[in-house]
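Please read the structure below before turning to the comments.
The figures that follow rest on heavy atoms only: side chains count, while hydrogens, waters and symmetry mates do not. Convention: sequence-line order gives letters A, B, ...; per-chain numbering from 1.
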There are 2 protein chains.
Amino acid sequence: MARKSGSSSEKTRPLVRAAALRLFAQGGYAAVSMRQIAAEVGVQAGALYRYTPDKQSLLFELMRVHMEELLVAWAEAAPQGTPLERLDAFVRFHIHHHMDRAEAVFISYMELRNLTPENFAVIEGMRAQYERVLEDILTDCGADTDGKLTTLAVLAMLTGVNTWYREGGRLDRAAVADSYVGLVRRLVSATA
Amino acid sequence: MARKSGSSSEKTRPLVRAAALRLFAQGGYAAVSMRQIAAEVGVQAGALYRYTPDKQSLLFELMRVHMEELLVAWAEAAPQGTPLERLDAFVRFHIHHHMDRAEAVFISYMELRNLTPENFAVIEGMRAQYERVLEDILTDCGADTDGKLTTLAVLAMLTGVNTWYREGGRLDRAAVADSYVGLVRRLVSATA
DNA sequence: AAATGAATTGAACACCTGTTTAATTGCAAC
DNA sequence: GTTGCAATTAAACAGGTGTTCAATTCATTT
């Protein structure tokens, strides 16, 4: 019979994920050992294999869940309205969502090359989905620019925030988002 | 007496650098072993230590030289002219320079955390110098925006090109640079 | 209290890590 | 042709790698 309330396993799994997230973000996938992760959880290395089939899956699941949450969060937050309103909303959404998940974002950008080809393809597909979200909005905005190029330019700009934004800095989250809304608006406006 | 022409050492050193550059870019600093680098050069691992005191210095030198070349190249290419002309020139310079050095650029962004604190500080200082170049230009452009924020936004946008640009793709180098000049011009233009 | 099965340990596996060093090779100078 | 030194090798060092598994502990159910 299944236990009525959470088994030890069900409580430990999130701890393993959290430890892996923190350590991978800090030191990089290749530089972090299963024994380090285990130590962070307070367990021996062998015990980790009750929660993940291997180290690679640990990384992959971190990235897959992150991308899934990103897509779901946008699907739930995506507003109706004029193309420009939706563009504003996307900029704010992206910045806030990414600020709240700095470690997962960092891993998802830095550890792509440590995925097996199959796992890489999955993540890449989800990333393409997210890029399409912005591309479609930009198309609706009717910018006279190269849609794909502008999409990638804007996304690079927005994601770049994570490399310098720190809580408690000169600008707070809302101020940063406001500034980028302004930047992106100008970016997509027709040339004078 | 010193040899008249280049010793074997002087011919091998660049090969070691090139192998390390390629392998670090491909697999990441932590995932690449000295034995792999040595194999690529066609030598035993121990022989590498005639060309570098240790693995860390190999990485650091790659990044330091890259940043130095970047700063020197701009110093030599930097034109006079109106602020907007200088901004255009910077955008073109940055994109072309980075396209030509994809591996070094990649390493310089991805392997920062694998530097010792002292080495990190050096690279970070050089990066700050380069950021100031653009910040000064933007200031001269008299944009009514937050100068530091705009600087980082533009740099993230420009450097992002390296994540998707591939030679032989839909757009050639010049077309990409032209597009980004347009994007950046709009970005810094006053709001309507 | 006894039984059950999940959770965990600790040791072992085969192999890889960066780095050092004595011994050897290779090559230019005399 | 011998000397002398730079370049290289092969082996060793101490320790770390991801992963497996028999043995043990632990907590719950009966």
Side-chain angles (χ1 to χ4, degrees), chain A residues 1-21 23-24 26-63 107 111 113-119, chain B residues 1-21 23-24 26-63 107 111 113-119:
Chain A
M1 283 253 163
R3 317 252 169 131
K4 281 196 186 144
S5 63
S7 65
S8 164
S9 161
E10 282 163 31
K11 292 175 217 152
T12 307
R13 174 167 280 111
L15 296 182
V16 173
R17 295 180 58 91
L21 184 72
L23 289 174
F24 286 166
Q26 215 165 79
Y29 174 77
V32 171
S33 72
M34 294 298 271
R35 283 169 182 82
Q36 282 176 62
I37 298 171
E40 194 85 351
V41 180
V43 99
Q44 290 300 113
L48 292 181
Y49 290 82
R50 201 146 300 269
Y51 305 103
T52 182
D54 48 32
K55 194 188 177 191
Q56 165 73 202
S57 303
L58 210 46
L59 174 64
F60 174 59
E61 276 304 296
L62 249 27
M63 296 175 70
I107 288 174
E111 306 296 354
R113 63 174 158 198
N114 287 310
L115 292 174
T116 62
E118 303 80 33
N119 289 345
Chain B
M1 282 256 161
R3 316 254 167 127
K4 279 192 185 149
S5 64
S7 63
S8 163
S9 160
E10 281 163 33
K11 293 176 219 152
T12 306
R13 174 168 279 110
L15 296 183
V16 172
R17 295 180 58 91
L21 183 72
L23 289 174
F24 286 166
Q26 215 164 82
Y29 174 76
V32 172
S33 71
M34 294 298 272
R35 283 169 182 84
Q36 283 176 61
I37 298 170
E40 194 84 353
V41 179
V43 98
Q44 290 301 112
L48 293 180
Y49 289 82
R50 201 148 301 270
Y51 306 101
T52 182
D54 49 32
K55 194 188 175 190
Q56 165 73 202
S57 303
L58 210 45
L59 174 64
F60 174 60
E61 276 303 297
L62 249 28
M63 296 175 70
I107 289 174
E111 307 295 355
R113 64 175 159 195
N114 288 309
L115 292 174
T116 63
E118 304 80 34
N119 290 345

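In this entry the distance linking CG of Leu48(B) with P of dA7(D) reads 14 Å, nearest Å. In this structure, Gln44(B) atom CD and dT20(C) atom P are separated by 17 Å, rounded to whole Å. The NZ atom of Lys11(B) sits 15 Å away from the C1' atom of dT8(D) (whole-angstrom rounding). When the C1' atom of dG18(C) is taken as reference, atom CG of Asn114(B) falls 14 Å away, rounded to whole Å.
Residues meeting the side-chain hydrogen bond (donor to acceptor under 3.5 Å, both in side chains) test with Glu61(A), sequence neighbours left out: Arg64(A). Scored by the side-chain hydrogen bond (donor to acceptor under 3.5 Å, both in side chains) test, Asn119(A) finds Gln56(A), Thr116(A) as partners (sequence neighbours excluded). Residues passing the side-chain hydrogen bond (donor to acceptor under 3.5 Å, both in side chains) test with Arg13(A): none are found, sequence neighbours excluded.
Distance check, rounded to the nearest 0.5 Å: CD of Gln26(B) to CG of Leu21(B) gives 10.5 Å.
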Measure all distances between protein nitrogen or oxygen atoms and nitrogen or oxygen atoms of nucleotides 17-21 of chain D, and list the pairs falling under 3.5 Å.
unit_1	atom_1	unit_2	atom_2	d
dT17(D)	OP1	Ser33(A)	OG	3.3
dG18(D)	OP1	Val32(A)	O	3.3
dG18(D)	OP1	Met34(A)	N	3.3
dG18(D)	OP1	Lys55(A)	NZ	3.1
dG18(D)	OP2	Met34(A)	N	2.9
dG18(D)	N7	Arg35(A)	NH1	2.8
dG18(D)	O6	Arg35(A)	NH2	3.0
dT19(D)	OP2	Tyr49(A)	OH	2.6
dT19(D)	OP2	Lys55(A)	N	2.9
dT19(D)	O5'	Tyr49(A)	OH	3.2
dT19(D)	O4	Arg35(A)	NH2	3.2

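Residue pairs meeting the side-chain hydrogen bond (donor to acceptor under 3.5 Å, both in side chains) criterion with at least one member in residues 44-55 of chain A, sequence neighbours excluded, are Asp54(A)-Ser57(A).
When distances are taken from the side chain of Tyr51(A) to each of dT9(C), dA7(C), dT9(D), the shortest belongs to dA7(C).
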Side-chain polar contacts of residues 31-38 of chain A - donor-acceptor pairs under 3.5 angstrom, sequence neighbours left out - could you list them?
unit_1	atom_1	unit_2	atom_2	d
Ser33(A)	OG	Arg35(A)	N	3.4
Ser33(A)	OG	Gln36(A)	N	3.1

